[in-house]
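Everything below concerns the one structure shown next.
Computed from a prediction, not measured in an experiment: that's the story for all the values here.
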Amino acid sequence: MSVWTKFSLWFLVVMAVVIVAYHNKKYFRHAYRYFTYHYYKVSSNPSNFPDGFEVHGIDVSHFQDIIEWNKLQALNAKGDTIHFQFVYIKATQGVLIEDNMFDENWEEAKDHHIVRGAYHYFLPDRNPQVQALNFIANVKLSPGDLPPAVDIEEDKGKSKEEIVSNLKEFLTALQEHYHIQPVIYSNINFIEDYLADDFKNYSFWVSHYNQPRLDIEEDSIKWVFWQHSNKSDLLGINGSTDADVFNGSLQQLDSLLVK
C-alpha cells in the first residue's frame, strides 16, 4: 500500500470520527470521558483536590470499615491541609438492605460536628414505595442534617420512562416524609442519558473523576455536590475513599440543611 493510500485512509477515518462527533455530541462526550477516566490522570497524587472550592466532604459506607473520625483530613497537591465539613453516609439499598456501618457512622459524624447526610442506593427494578419505606425506617433526620440523597447508577434493564417514573415516586415519598427535597446522585453520563430532562427542579450530586473541573453542559442541571474522586487517601480511613466538594460557601451549605 502506498504512502498516499495510507494517508487517504487515515484522512477518511478522521473525517468520519469528526462527522459522527459533530452529529452525536453525547456519545462523543461519553467516549472522551471513558478515555480520560481510564488513561488520563490529573495528578499522580491520589488525594488531588480541585481548586476553588471552600467546602470539602466525603461519602462513606461499610466499605470504609472503622473510621477514625477525629483524624479526618488530607493534603492536596499543593501540600495544603484539607478539612472535611460534610459527609454523606450510605444508609440503605433496594427494598431490604441496611448498610451495617450506618448507625455507627451516623452517630460518629454528629459527635465530631461534621454535617451529615444519608443516602439510598436505588434499584430501578424494585418497588419504589418499598425502597422509600426501607430508607425511612432506618433514617431519622434532625435539624442541621443534609437532605436525603438517592444514588442511581444502573438502569437494571428498565427504559428511561420506567426509570423516571419509579425515581419520581421514590423521591416524592421521601419529600412527603422529611419535608425537604432530596438530592439526586449519579455519574455524569447517566444523568445526561436518563435524568437531566425530567429532574430540572432537583439538585444533583455529580460523580465525575480525574478532571480539574466538572465537565457538564451549562445549565443542563443544577448541581450542588461534585464527587471528584473515588481514590482519595485520607487520614483516619484505611484505603481510599470518595471525596466531594460543595458548589458554594459554608453559609450556602447551611441554607441547604434540614431546618
Side-chain angles (χ1 to χ4, degrees), residues 16-43 46 48-50 52-53 57-61 63 88 90 93-94 117 119-126 128 131 147-171 181-232 240-247:
V17 170
V18 171
I19 291 170
V20 170
Y22 178 81
H23 289 286
N24 204 330
K25 295 179 181 178
K26 179 180 74 175
Y27 293 106
F28 178 75
R29 289 197 303 272
H30 287 197
Y32 170 77
R33 290 168 185 158
Y34 178 87
F35 176 82
T36 55
Y37 176 75
H38 289 282
Y39 301 107
Y40 171 75
K41 305 296 180 186
V42 172
S43 170
N48 191 54
F49 293 85
F53 292 94
I58 57 173
D59 56 278
V60 299
S61 69
F63 288 112
Y88 261 112
K90 184 176 181 181
Q93 176 173 329
Y119 75 88
H120 174 84
Y121 191 92
F122 186 79
L123 301 176
D125 60 342
R126 297 292 187 266
Q131 292 193 70
V150 53
D151 176 347
I152 177 168
E153 306 174 37
E154 305 175 85
D155 60 28
K156 289 294 185 179
K158 295 295 183 180
S159 66
K160 177 179 177 179
E161 291 73 19
E162 290 172 312
I163 290 171
V164 168
S165 176
N166 288 345
L167 182 57
K168 283 186 175 180
E169 190 173 345
F170 176 85
L171 292 168
Q181 189 182 70
V183 173
I184 302 173
Y185 167 95
S186 192
N187 65 74
I188 195 167
N189 290 337
F190 195 94
I191 290 170
E192 290 177 348
D193 290 348
Y194 293 99
L195 307 177
D197 294 336
D198 297 281
F199 296 92
K200 292 187 180 297
N201 293 327
Y202 282 84
S203 296
F204 279 83
W205 171 15
V206 184
S207 166
H208 186 42
Y209 307 140
N210 300 333
Q211 298 295 327
R213 61 181 178 84
L214 183 54
D215 175 26
I216 194 164
E217 289 187 351
E218 187 176 358
D219 298 327
S220 61
I221 60 167
K222 179 177 68 176
W223 70 271
V224 290
F225 298 106
W226 170 23
Q227 186 188 77
H228 58 83
S229 174
N230 63 344
K231 298 178 181 178
S232 288
S240 58
T241 192
D242 301 331
D244 309 271
V245 291
F246 171 68
N247 186 23

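With contacts defined as side-chain heavy-atom distances shorter than 4.5 Å, the pair Leu171/Ile184 qualifies. Using a 4.5 Å heavy-atom cutoff, the side chains of Lys160 and Asp197 are in contact. Side chains of Gln227 and Asp59 form a contact here, defined as non-hydrogen atoms less than 4.5 Å apart. Residues Ile221 and Leu195 are not in side-chain contact: their nearest non-hydrogen atoms beyond the backbone lie 4.5 Å or more apart.
Salt bridge status for Asp151 with Lys90: absent, with no side-chain N to carboxylate O gap under 4.0 Å.
Here the closest heavy-atom approach between residue Ser61 and residue Tyr119 is recorded as CB-OH, 4.2 Å. A pairwise comparison of heavy atoms in Leu214 and Trp226 identifies N-CH2, 3.6 Å as the closest pair. Between Asn230 and Ser240, the shortest heavy-atom contact is O-OG, 3.9 Å. For Leu123 against Gly94, the heavy-atom pair with the smallest separation is CD1-CA, 3.8 Å. Heavy-atom minimum distance, Glu154 versus Pro124: O-CG, 3.0 Å. Contact between Phe246 and Val224 at its shortest, heavy atoms only, is CD1-O, 3.2 Å.
For Asp125, there are no side chain to side chain donor-acceptor pair (under 3.5 Å) partners, not counting sequence neighbours. Contacts of Tyr185 classified as ring-ring contact (aromatic ring centres under 6.0 Å, His included), with partners at least two apart in sequence or in another chain: Trp205. Taking Glu162 as the reference, Ser159 meet the side chain to side chain donor-acceptor pair (under 3.5 Å) condition, with sequence neighbours excluded.
Remark: aromatic rings of Phe170 and His120 are close, center separation under 6.0 Å.
Atom CZ of Phe190 is separated from atom CG of Asp155 by 6.0 Å, given to the nearest 0.5 angstrom. Of the inter-residue distances, the one linking His208 atom NE2 with Arg213 atom CZ reads 8.0 Å to the nearest 0.5 angstrom. Put simply, CD on Gln131 and OH on Tyr121 are 11.0 Å apart, with the number rounded to the nearest 0.5 Å. The line from CG of Asn189 to OG of Ser207 is 9.5 Å long, rounded to the nearest 0.5 Å. Rounding to the nearest 0.5 angstrom, the gap separating the CG atom in Asn166 from the CD atom in Glu161 is 11.5 Å. Rounded to the nearest 0.5 angstrom, Asp242 CG and His228 NE2 are separated by 9.5 Å.
Checking side-chain atoms of Ser203 against main-chain N and O of Val183 turns up no donor-acceptor pair under 3.5 Å.
Within the cation-pi definition used here (under 6.0 Å to the ring centroid, within 45° of the axis), Lys156 does not qualify as a partner of Phe122.
In the model, Tyr88 has no side-chain atom that pairs as donor or acceptor with a side-chain atom of Asp244 under 3.5 Å.
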